[in-house]
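Encoded as structure tokens, the structure appears first; notes follow it.
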2 protein chains.
Amino acid sequence: MKYNAVTIKDVAKALGVSTSTVSRALRDSHEISPETKELVLECAKRLNYTPNPIALSLKEKKSRSVGVIVPEVANGFFSQVINGIESMAFDKGYDVIISQSLESYEREIRSVQFLASRSVDGLIVSLAAETANLDHLLQLHDRGLPMVFIDRITDEINTHKVIVDSFRGTYDATEHLIQSGAKRIAVIAATEFLSTTRERVAGYREALLANGIKEQPELIHYCFYGGIEFAEIEEIVNKLFTLRQKPDAILTTSDKLTTGVLKTLKRRGIKVPQDVALAGFSNTDIPELIDPPLTLIRQPAREMGAAAIDLLLQMVNSKRPVKEFEKRRLSPELQIRESSQARQRPKPGSKK
Amino acid sequence: MKYNAVTIKDVAKALGVSTSTVSRALRDSHEISPETKELVLECAKRLNYTPNPIALSLKEKKSRSVGVIVPEVANGFFSQVINGIESMAFDKGYDVIISQSLESYEREIRSVQFLASRSVDGLIVSLAAETANLDHLLQLHDRGLPMVFIDRITDEINTHKVIVDSFRGTYDATEHLIQSGAKRIAVIAATEFLSTTRERVAGYREALLANGIKEQPELIHYCFYGGIEFAEIEEIVNKLFTLRQKPDAILTTSDKLTTGVLKTLKRRGIKVPQDVALAGFSNTDIPELIDPPLTLIRQPAREMGAAAIDLLLQMVNSKRPVKEFEKRRLSPELQIRESSQARQRPKPGSKK
DNA sequence: TTTTTTTACGCAATCGATTTCGAATATCGG
DNA sequence: CCGATATTCGAAATCGATTGCGTAAAAAAA
């Protein structure tokens, strides 16, 4: 069952020397004669010795592993983030331990504590939608556990953060919709407690303002579960399309919402972009295959992951406590396709 | 930097008892009087004691973590598999350490050795496309490291395996294409060294045979990089559509190939399903949004991941070496949509 | 040759937790 | 009241590797 690991002791015994000698020889210490080193190295190889990282971790109080907590792995954006994290961590000799919160506050707490108790050297966190209280993370942060937030961040904890410029994302997308002729742009956003949601809705608002369009409260909707509950989206779309004045464009703030809204529109027979334009955040790898091809705001997910692990390892390997923190803000990319494009708009009232 | 962990020693000192007593009290040993237990438990909580899993691992020679090696995390299928693995592992108190091979043999070797050296209790592996030699895994298997293969398996290592019934997947899909009127069905498959590819192509062949259609070698193509190199797909599509007798349907054997082929067809202005029908393996979460809605063979990815971790933990926790191995074969689901549907087919020769 | 300095290595502590063995105290029967 | 069994706890070994300290032997300096 448990495979017989060759230890430093076995090598020592085989050679009739002490474990200290073996250890030092393996680490190429100057206190060991070249001949002995030779012998030890040869013997270690012959016996197929592999160092036990757990013993080392115990001594060094470092595990050379980092924990990653994301809402969900099976999500285009987050899986790309993880890709970025893993690639760089692997190159630097770090393990990546994954845990999902599934948007649940309770599960996030358990995940965090689980990872912390497993002595990860640091944590990369993207907050769950439900999470309003940050004590579970603050506690660890106060005890000195290096921590980097990604995408869904918080102001309550002072540490490195990696985000995309969400404000600009929705600002540009909104402006683009306006230039394409939209006058009544609805927003379907995720939980309003998320940092990303707040920034994105703010970008939308600012763009309306800058273009002299008055904000309409009935056009702004939040999905608490961000589309995991499909019914949530349907209800909102229903509301929007039973308004006296229907929206002529919809802006969505997350991957699930973007595709979810499109699904709902299709089911209801609402044509995009003829009846309503659509644009939103998404990191799907097949935007051009979707009908209609989707205009979307894409986040540089891989790069964000890479930035996060980079910042984290900087902290982990820093001699003294890091006091200056960075908020690394990458640029989103607005990809314009048909779903948002200008088109013949029926005269008001000419259509049901 | 490293946060001051409270150890069992601190608790012992605070109470003026020995570490053994604390340890036993914490584990609710019968050798400790109820009063002492009470005291220790209270003190441990007060001091915010958390056990150090590394010390435990060292002693128990178990890390309560499992390694997962997949070709790529940012892939619909594999991220769903990981979701299944993580969910169940988390419930059972196991860490999941992720590593990607990126289809590279060399990186797979390094990943495997990295994970093994980190003392994972077991491994879940989906082989890289490049991997032809299995020595790196055989070595560990021989030394007794529990191991489960998922999706892309091998016959060379005798252990638990979890797959989808690929043969039936393509058999049914092919038959469906035939019933929809297809007569010349091309196959675009991944690397032929992959177990999945072989089974899938076999299913296709068998279906042709069963329906009295002669197999045409020029209609069968393999992509070594399985669509990671987009040019690979384009070249194959090119070849197929410069044949004197063009295919009237295409069957693809992987997620990337299915979407990749559709992209290529769109770029070349070949209409699906009017000019050519399309069906293939895919685990995309938005098949109905794609134009045209895709007929696809879906794998129960989450369930496969759950089955794999279940089998793995069975081995890990088994008292004696497991000798009987299981090949768990889940059923794929054929989801029929427009991309493969019967339609007006032009008379032979009436079209360019 | 004697003293000093290197060189090369072993002993033992350490990391945190568990566990075997032994011992001290308490309890009980006679 | 004494020997015997129970109860409760501590000392020390253990897991694998590292490292400060001590020391014997060899080399260099005197």
Side-chain angles (χ1 to χ4, degrees), chain A residues 1-41 43-44 47-65 93 116-121 143, chain B residues 1-41 43-44 47-65 93 116-121 143:
Chain A
M1 257 255 337
K2 202 55 222 168
Y3 60 109
N4 54 325
V6 176
T7 77
I8 212 170
K9 234 175 261 182
D10 300 320
V11 178
K13 202 167 295 171
L15 256 53
V17 298
S18 77
T19 59
S20 344
T21 304
V22 176
S23 171
R24 278 188 266 250
L26 259 25
R27 314 198 114 243
D28 202 29
S29 159
H30 66 277
E31 316 188 34
I32 302 293
S33 72
E35 304 86 55
T36 314
K37 271 183 197 167
E38 187 77 23
L39 268 160
V40 171
L41 254 49
C43 182
L47 264 52
N48 200 6
Y49 164 80
T50 52
N52 181 332
I54 295 198
L56 237 181
S57 295
L58 181 57
K59 203 151 185 6
E60 309 258 314
K61 303 196 178 210
K62 289 185 186 175
S63 63
R64 286 190 81 80
S65 66
S117 83
R118 299 303 291 250
S119 320
V120 291
D121 293 342
R143 287 204 293 171
Chain B
M1 255 250 342
K2 202 55 222 170
Y3 60 107
N4 54 327
V6 176
T7 77
I8 209 169
K9 233 175 262 181
D10 300 320
V11 179
K13 201 167 296 171
L15 257 52
V17 298
S18 76
T19 60
S20 345
T21 304
V22 175
S23 172
R24 277 187 269 249
L26 258 26
R27 312 197 116 244
D28 202 28
S29 157
H30 67 278
E31 320 187 30
I32 301 294
S33 71
E35 304 87 55
T36 314
K37 269 182 200 168
E38 186 77 23
L39 266 160
V40 171
L41 255 50
C43 182
L47 265 52
N48 202 5
Y49 164 80
T50 52
N52 181 330
I54 295 198
L56 236 181
S57 295
L58 180 57
K59 201 150 187 12
E60 309 257 313
K61 303 195 178 213
K62 289 186 187 174
S63 63
R64 286 190 82 81
S65 67
S117 83
R118 299 304 291 252
S119 319
V120 291
D121 293 342
R143 288 204 292 171

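Here the structure is a predicted model, which is why all the values come from computation and not from measurement. Letters go in sequence order (proteins before strands), and every chain restarts at 1.
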Check against side chain to side chain donor-acceptor pair (under 3.5 Å), A/Thr36 and A/Ser33: CA-CA 5 Å; A/Thr36 314; A/Ser33 72; 2.6 Å; yes
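- As judged by a 4.0 angstrom heavy-atom cut-off over every strand, A/Ser29 is placed among residues making no nucleic acid contact.
- Between B/His30 atom NE2 and D/dT7 atom P there is a gap of 9 Å when expressed in whole angstrom units.
- The two residues A/Ser63 and A/Ser57 come nearest to each other via the heavy atoms CA-OG, 3.5 Å.
- Regarding contacts with the backbone of D/dG16, every side-chain N or O of A/Tyr49 stays at 4.0 angstrom or more from both OP1 and OP2.
- One can place NZ of B/Lys59 at 10 Å from P of D/dG16, the figure rounded to the nearest angstrom.
- Distance CG/A/Leu26 to CD1/A/Ile32: 10.5 Å, rounded to 0.5 Å.
- Closest to the side chain of A/Ile8, from the set D/dT18, C/dA17, D/dC9, is D/dT18.
- At the heavy-atom level, A/Thr7 lies under 4.0 Å from the strands shown only through sugar-phosphate atoms.
- Classification of B/Asp28 and B/Lys37 as a salt-bridged pair holds, one side-chain N sitting under 4.0 Å from a carboxylate O.
- Closest contact between the side chain of B/Lys9 and the listed nucleotides C/dC15, C/dC21, C/dA17 involves C/dC15.
- Backbone-only engagement by A/Arg27 is indicated by non-hydrogen atom pairs under 4.0 Å involving sugar-phosphate atoms exclusively.
- In terms of position on DNA chain D, the residue among B/Val17 and A/Leu26 whose nearest nucleotide sits closer to the 5' end is B/Val17.
- Using a 4.5 Å heavy-atom threshold, the side chains of B/Leu56 and B/Pro51 count as separate.
- Looking at heavy-atom distances under 4.0 Å, A/Val22 makes no contact with the nucleic acid at all.
- Residue A/Leu15 contributes atom CG, which lies 11 Å from atom P of C/dC9 at whole-angstrom precision.
- What separates NZ of A/Lys62 from P of C/dG16 is a distance of 15 Å, to the nearest Å.
- Not one side-chain nitrogen or oxygen of A/Ser20 sits closer than 4.0 Å to the OP1 or OP2 atom of D/dT19.
- With rounding to whole Å, A/Lys61 atom NZ is found 17 Å from D/dT18 atom P.
- Between B/Ile54 atom CD1 and D/dT14 atom P the separation is 23 Å, expressed in whole Å.
- Among the heavy atoms of the strands lying under 4.0 Å from B/Thr36 are primed sugar atoms or P, OP1, OP2 only; no base atom is included.
- For the pair B/Leu58 CG and C/dC15 C1', the interatomic distance rounds to 9 Å; values are reported in whole Å.
- Atom-to-atom, CG of A/Leu56 to P of C/dG16 comes out at 14 Å; the value is rounded to the nearest Å.
- DNA chain D is contacted by both B/Ser33 and A/Asn52; B/Ser33 maps to the nucleotide lying nearer its 5′ end (nearest heavy atom per residue).
- Counting atom types as modelled, B/Arg24 pairs a side-chain N or O with a base atom of C/dT20 as donor and acceptor under 3.5 Å.
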